[in-house]
Amino acid sequence: MSHQVLIVMGSDSDYPVLTPCLDLLDTFDIQYQVRICSAHRSPQMAADLAVQAESAGFSVIIAAAGLAAHLPGVLAAWTTLPVIGVPIESGPLAGQDALYAVVQMPPGVPVATVGINGSVNAAILAAQIIGVHHDDIRRQLHQYKATLRQSVSDRQKKIDQILNDRQVKTKQSLS
Ligand code: RP5
């Protein structure tokens with residue numbers, strides 16, 4: 001299989017939000033293919049992409065869209081693959097419109113929704129889904145969790161230092 005994750009974005013204007021997702025998939029050595037497709041501007045292509053995704057060898061679909069973001073839901077309607085929806089911040093409602101459109105799917109057609117512009121979480125969730133059947137990906141996810149733990153302990157050291165400096169300054173000003 002040459003590609004495992006199908007990434008669909010409603011417009012090329014969504015691309016900057018998706019780059020951290022691509023970076024993370026690269027880090028996890030997960031293959032992906034990126035397609036621009038709109039539920040409203042190219043509805044037939046959206047249906048075709050979703051219908052063919054499984055036989056094309058994809059395990060997960062990540063779909064990102066802004067405004068009236070029907071793309072993830074439309075793809076989910078046409079496939080049994082898990083679809084992760086990324087609401088994109090765009091337009092006067094700043095992504096809240098997209099969030100509601102993506103998350104409020106009717107019973108029977110779920111879309112796993114991440115936060116507005118949450119493309120990093122979309123990549124991690126995709127890796128977790130693929131990792132169920134791939135030990136190497138699961139190992140990388142364990143490593144990723146270890147980096148998260150390390151970053152918390154680094155932040156604790158930083159704040160300890162700031163608090164210590166503050167105490168010293170307060171004592172000096174009182175003496
Ligand atoms: C949505 O409309 C796209 O996903 C994008 O977030 C938004 C604006 O699209 P463009 O007008 O920039 O192509 O369909």
Side-chain angles (χ1 to χ4, degrees), residues 1-132 134 137 140-141 144 147-148 151:
M1 183 190 326
S2 53
H3 301 291
Q4 292 193 339
V5 179
L6 173 60
I7 299 172
V8 189
M9 51 186 99
S11 169
D12 60 334
S13 63
D14 300 324
Y15 177 69
V17 175
L18 267 297
T19 52
C21 168
L22 306 188
D23 291 344
L24 209 48
L25 292 175
D26 287 338
T27 305
F28 290 144
D29 283 327
I30 293 175
Q31 306 272 310
Y32 53 83
Q33 195 180 104
V34 179
R35 298 294 300 269
I36 307 289
C37 175
S38 163
H40 307 111
R41 294 167 176 160
S42 59
Q44 186 62 57
M45 187 201 287
D48 292 344
L49 269 179
V51 167
Q52 291 157 14
E54 190 179 341
S55 58
F58 295 107
S59 320
V60 185
I61 297 174
I62 293 175
L67 304 177
H70 298 129
L71 179 64
V74 165
L75 297 176
W78 286 101
T79 183
T80 57
L81 293 177
V83 176
I84 302 169
V86 185
I88 300 286
E89 181 183 351
S90 149
L93 300 184
Q96 293 193 45
D97 41 3
L99 173 64
Y100 287 147
V102 175
V103 80
Q104 289 289 6
M105 288 297 291
V109 190
V111 168
T113 309
V114 296
I116 296 169
N117 289 353
S119 78
V120 165
N121 274 357
I124 296 166
L125 186 52
Q128 288 173 331
I129 292 167
I130 293 168
V132 170
H134 290 85
I137 304 289
Q140 301 208 58
L141 284 162
Y144 181 76
T147 65
L148 292 183
S151 86

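In listed order, ligands and their atoms are each counted from 1.
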Could you list the donor-acceptor pairs under 3.5 angstrom formed between side-chain atoms of residues 37-46 and any protein atom two or more places apart in sequence or on another chain?
from	atom 1	to	atom 2	distance (Å)
Ser38	OG	His40	N	3.1
Ser38	OG	Arg41	N	2.8
His40	NE2	His70	ND1	2.7
Ser42	OG	Ser38	N	3.0
Ser42	OG	Ser38	O	3.2
Gln44	NE2	Asp48	OD1	3.2

Show me the pairs that pass ring-ring contact (aromatic ring centres under 6.0 Å, His included) and involve residues 86-131, at least two apart or across chains.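 Non-adjacent pairs meeting ring-ring contact (aromatic ring centres under 6.0 Å, His included): zero.
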
Kindly tell me which protein residues have any non-hydrogen atom under 4.0 angstrom away from an atom of ligand 1, grouped by chain and ordered by number?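 Its neighbours under 4.0 Å (heavy atoms only) are Gly10, Ser11, Ser13, Asp14, Arg41, Ala65, Gly66, Leu67, given by chain and number.
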
Taking the side chain from Gln4 and the backbone from Ile30, do they hold a donor-acceptor pair closer than 3.5 Å?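 Looks like no, no N/O pair under 3.5 Å.
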
Do Val86 and Ile88 have side chains that get closer than 4.5 Å, going by heavy atoms?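 A side-chain contact exists here, since the closest heavy-atom pair is under 4.5 Å.
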
Could you tell me whether the side chain of Ile130 reaches within less than 4.5 Å of the side chain of Val5, counting heavy atoms only?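 In contact.
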
Which atom pairs, donor and acceptor, lie under 3.5 Å between side-chain atoms of residues 13-26 and protein residues at least two apart or in another chain?
from	atom 1	to	atom 2	distance (Å)
Ser13	OG	Ser11	OG	3.0
Asp14	OD2	Gly10	N	3.3
Asp14	OD2	Ser11	N	3.1
Thr19	OG1	Pro16	O	2.9
Asp26	OD1	Tyr32	OH	2.9
Asp26	OD2	Tyr32	OH	3.3

